[in-house]
Protein chains: 2
Amino acid sequence: MDNPDDWDPLRHPGHYFSRIARGLTRVGDVRLRNLGLATAQLPVLTALKDGGELSQKELAKWAKVEQPTMAQMLSRMERDGLVRRVPDPEDKRSHLISLTDATVEKLPAGRAILRQGNSEMTKGLTDDEIKTLVSLLRHVLENVDSMEP
Amino acid sequence: MDNPDDWDPLRHPGHYFSRIARGLTRVGDVRLRNLGLATAQLPVLTALKDGGELSQKELAKWAKVEQPTMAQMLSRMERDGLVRRVPDPEDKRSHLISLTDATVEKLPAGRAILRQGNSEMTKGLTDDEIKTLVSLLRHVLENVDSMEP
DNA sequence: TATACAAACATAGGAACCTATGCAATGGAC
DNA sequence: GTCCATTGCATAGGTTCCTATGTTTGTATA
């Protein structure tokens with residue numbers, strides 16, 4: 001009930017997740033900065049990479065962030081010329097978001113940076129270990145998503 | 001070189017880490033809120049739980065965050081009565097930070113919440129799988145920490 | 001049709017992270 | 001002892017996340 005190990009961060013997977021995520025974001029953001037991109041924008045780029053037009057709501061759902069978070073990010077991306085927002089002809093409350101041509105041109109370079117980071121992150125792990133890791137991560141994510149506050 | 005899977009978030013462990021970390025933070029913060037604690041404060045609580053007094057610099061290093069991040073968090077924690085800062089008699093630039101009695105009294109309840117979250121997070125995994133996961137996470141963290149921007 | 005509910009977005013406010021930079025105390029070189 | 005680089009913090013500015021709440025448009029119901 002009061003095991004001292006409870007407070008040992010090394011026994012808390014949560015601590016690892018937080019530190020790995022922060023580290024990846026920090027390194028990724030620096031590497032993407034020259035391109036004018038950021039790691040938090042990757043889900044948006046992914047969703048729109050083939051010329052698609054999605055609403056803010058759809059993008060928030062895809063990226064698994066709350067609506068105000070996506071609203072702010074799209075504002076910044078629009079300010080920086082990364083995306084375009086045109087009124088949705090079928091719903092005056094909504095806008096359709098798409099990538100600008102300049103952004104599409106940046107995608108290949110972004111791809112290379114991502115691939116590089118991905119391989120550095122799993123350096124020293126066998127293909128089987130990586131598969132195991134992804135499978136365990138998937139399981140944990142499912143548990144986390146089903147956790148009630 | 002331009003494999004479309006490069007943009008598939010399901011193939012990017014980084015995406016899992018980010019989503020798991022965010023999910024754990026969100027749920028953990030809600031559950032700790034009644035106690036007046038937050039997940040980001042856990043490393044500080046851990047470091048000082050036995051009555052220790054550490055400097056801001058030492059706490060930042062322990063929590064693996066930058067110095068300004070720790071400065072801000074300690075300000076909030078002091079504002080909320082969680083920690084105390086007394087001048088370091090041996091270095092007038094520095095203060096020694098310690099937990100208040102009120103905070104120490106909250107620790108057992110915090111422990112219970114942590115243990116509960118930890119078990120929910122790994123629900124459905126065997127002890128061996130959890131051990132494997134932690135070992136892989138440790139490996140990835142090491143890689144991430146050694147990544148150059 | 002009028003009213004009420006729901007949906008899409010905007011805005012406010014705050015926490016936690018970062019980099020860049022400034023300031024004051026310290027401590028070593030001379 | 002004086003000078004100067006280093007160290008410990010503080011502050012500024014910005015991004016990404018959250019919750020809570022308001023506004024406008026769309027939809028369905030009485």
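Remark: A:Glu120 engages A:Arg31 in a salt bridge, criterion side-chain N to carboxylate O under 4.0 Å. By the 4.0 Å N-to-carboxylate-O rule, B:Arg19 lies close enough to A:Asp145 to be salt-bridged with it.
A:Asp29 has its CG atom 16 Å from the C1' atom of D:dG13, to the nearest Å. A:Leu24 has its CG atom 21 Å from the P atom of D:dT15, to the nearest Å. At whole-Å resolution of the value, CG in B:Leu74 and C1' in D:dT11 are 15 Å apart. Straight-line distance from the CE atom of A:Met77 to the P atom of D:dT15: 13 Å, rounded to whole Å. A straight line from CE of A:Met70 to P of D:dC18 spans 10 Å, rounded to a whole angstrom.
Side chain of A:Thr122 to main chain of A:Leu125: no donor-acceptor pair is present (N/O by atom type, distance under 3.5 Å, no hydrogens or angles).
Nearer the 5' end of DNA chain D, as judged by each residue's closest nucleotide, is the contact made by A:Gln41, out of B:Val30 and A:Gln41. Positionally, the nearest nucleotide of DNA chain C for A:Lys57 lies more toward the 5' end than for the other of A:Lys57 and B:Met73.
Base contact: A:Arg76 has a heavy atom under 4.0 Å from a base atom. Counting non-hydrogen atoms under 4.0 angstrom, A:Ser55 reaches the backbone sugars and phosphates but no base. B:Gln67 comes within contact range of at least one nucleobase, with a heavy-atom separation under 4.0 Å.
Residues A:Ala63 and B:Arg22 share a closest heavy-atom pair of O-NH2, 3.6 Å. Across all their heavy atoms, A:Met147 and B:Leu24 have their closest contact at SD-CD2, 4.4 Å.
With 3.5 Å as the limit, one finds no donor-acceptor pair spanning the side chains of A:Ser135 and A:Thr132.
Under the side-chain contact (heavy atoms from CB on, under 4.5 Å) criterion, A:Glu58 pairs with A:Leu54, A:Ser55, sequence neighbours left out.
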Let's go through A:Lys106 and A:Leu82 carefully: what are the C-alpha distance in whole Å and the side-chain angles of both, what is the deciding distance for side-chain contact (heavy atoms from CB on, under 4.5 Å) to 0.1 Å, and is it a yes or a no?
CA-CA 10 Å; A:Lys106 294 174 178 177; A:Leu82 293 175; 3.8 Å; yes
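Once you apply a 4.0 Å limit to the heavy atoms of chain B, the touched nucleotides of DNA chain C run 5' to 3' over C:dA15 to C:dT26.
Near DNA chain C, defined here as any heavy-atom distance below 4.0 Å, the residues from residues 79-95 of chain B are B:Arg79, B:Asp91, B:Lys92, B:Arg93, listed numerically.
When each of B:Arg76, B:Met70, B:Glu78, B:Gln72 is tested with B:Leu74 by the rule side chain to side chain contact (heavy atoms under 4.5 Å, CB included), just one qualifies, namely B:Met70.
Judged by distance alone with a 3.5 Å cut-off, a donor-acceptor contact links the side chain of A:Gln72 to the base of D:dC17.
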